[in-house]
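In what follows, a single structure is set out as structure tokens and then discussed.
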Amino acid sequence: MDASLLTALQGAAPTLVHLVTVTLSGATVRWMDTGGSGFVVWGANTYSAEDATYGALGAIGAIEDGSDGQATVCELTILCDSTAMALWIAPERQGSLVTVHLGAVNPSTGLLIGEPELLFRGELDQPRIGVGQGQSLVFDCITEEARMLEPNEEQRLTDSFHQSVWPGDLGCEHITDVEKKIYWRANDPNNAIS
């Protein structure tokens, strides 16, 4: 962690800010979560409470380290109108890069103190329409580790799956008995019926 940021965090009442960056195809959305107005400049980028096209950042869920076969997850709530919601739920948005940084702001100058600390790096997963007073969209954001923990039961040694990976390859077209369990690096178990 940056020494200046660490000193600010250990101060009496630091003004904390979360900087959220969502890299979409064709656009990058940069939000901050302090209050309903204002902005923060980090390097050459400006983070504001609301984006004119994509809406405002409503909330950031708790970011916790995963344990026991779980990976780190983060939940983003986006306050948006119908036009922005249509942009967010487009299929090509899934998998877009999301980063969340923690920083501290000097209240008298409005400048960041030190370099913000990276808390989360992942991707947009599934959106849900939020229930409440205004229109909102809740995105589950997951890490690459979470993708690795997903079961891949749909991937079988079948002709359709083989051709989805290698279009036009007919190597599995006439294969039979693919449902049979093949034990790798182990002896087949004894069967009662042979």
Side-chain angles (χ1 to χ4, degrees), residues 1-67 70-81 83-85 87-90 92-128 130 132-147:
M1 183 177 282
D2 184 76
S4 302
L5 176 60
L6 187 59
T7 303
L9 293 176
Q10 293 171 345
T15 303
L16 299 179
V17 62
H18 287 93
L19 305 174
V20 178
T21 307
V22 183
T23 307
L24 306 169
S25 55
T28 301
V29 181
R30 292 181 178 89
W31 285 310
M32 59 178 255
D33 71 343
T34 56
S37 62
F39 65 93
V40 170
V41 176
W42 180 24
N45 301 315
T46 302
Y47 291 79
S48 60
E50 185 173 358
D51 184 272
T53 305
Y54 292 96
L57 179 64
I60 302 170
I63 300 171
E64 298 176 355
D65 288 338
S67 62
Q70 297 175 342
T72 304
V73 295
C74 177
E75 193 175 89
L76 291 181
T77 303
I78 302 167
L79 308 175
C80 54
D81 59 13
T83 307
M85 190 173 288
L87 292 172
W88 280 112
I89 62 174
E92 63 269 11
R93 299 296 184 229
Q94 189 170 20
S96 297
L97 177 65
V98 176
T99 58
V100 179
H101 288 81
L102 173 68
V105 176
N106 183 332
S108 60
T109 64
L111 298 175
L112 284 171
I113 300 170
E115 283 293 308
E117 179 75 10
L118 179 66
L119 295 180
F120 178 81
R121 184 182 195 282
E123 57 188 50
L124 293 178
D125 192 26
Q126 296 182 348
R128 302 185 307 275
Q133 300 240 351
Q135 206 168 18
S136 67
L137 192 63
V138 181
F139 262 105
D140 292 324
C141 301
I142 62 172
T143 59
E144 291 175 348
E145 290 82 13
R147 288 269 188 235

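This structure is a prediction, so every number in the text was calculated from the model and none was measured.
- Here the closest heavy-atom approach between residue W31 and residue D51 is recorded as NE1-N, 3.7 Å.
- Atom CZ of R121 has 12 or fewer neighbouring heavy atoms from other residues, nucleotides or ligands inside a 6.0 Å radius.
- Using modelled atom types, one side-chain atom of D33 and one backbone atom of H18 make a donor-acceptor pair closer than 3.5 Å.
- Summarising the geometry, atom CE belonging to M32 is positioned 11.0 Å from atom OG1 belonging to T46; distances are rounded to the nearest 0.5 Å.
- Using the six-membered ring where Trp is involved, Y47 and W42 have ring planes that are tilted, between 30° and 60° apart.
- You'll find the side chain of Y54 stays beyond 4.5 Å of the side chain of I78, heavy atoms only.
- The distance from atom CH2 of W88 to atom CG of L76, rounded to the nearest 0.5 Å, is 8.0 Å.
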| CA sep, side-chain torsions, deciding dist, call: V20, R30, side chain to side chain contact (heavy atoms under 4.5 Å, CB included) | CA-CA 6 Å; V20 178; R30 292 181 178 89; over 6 Å; no
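- To the nearest 0.5 angstrom, N45 atom CG is 7.0 Å from T21 atom OG1.
- Considering only heavy atoms from C-beta on, E92 stays 4.5 Å or farther from L24 through its side chain.
- A pairwise comparison of heavy atoms in L119 and L102 identifies CD1-CB, 3.7 Å as the closest pair.
- For the pair D140 and E75, the minimum side-chain heavy-atom distance is below 4.5 Å.
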| query | Given L112 and V105, is the side chain to side chain contact (heavy atoms under 4.5 Å, CB included) satisfied, shown in steps? | reply | CA-CA 4 Å; L112 284 171; V105 176; 4.0 Å; yes
| said: Set out, in order, the CA-CA distance, both residues' side-chain angles and the distance that settles side chain to side chain contact (heavy atoms under 4.5 Å, CB included) for L79 and S136, then state yes or no. | reply: CA-CA 4 Å; L79 308 175; S136 67; 3.8 Å; yes
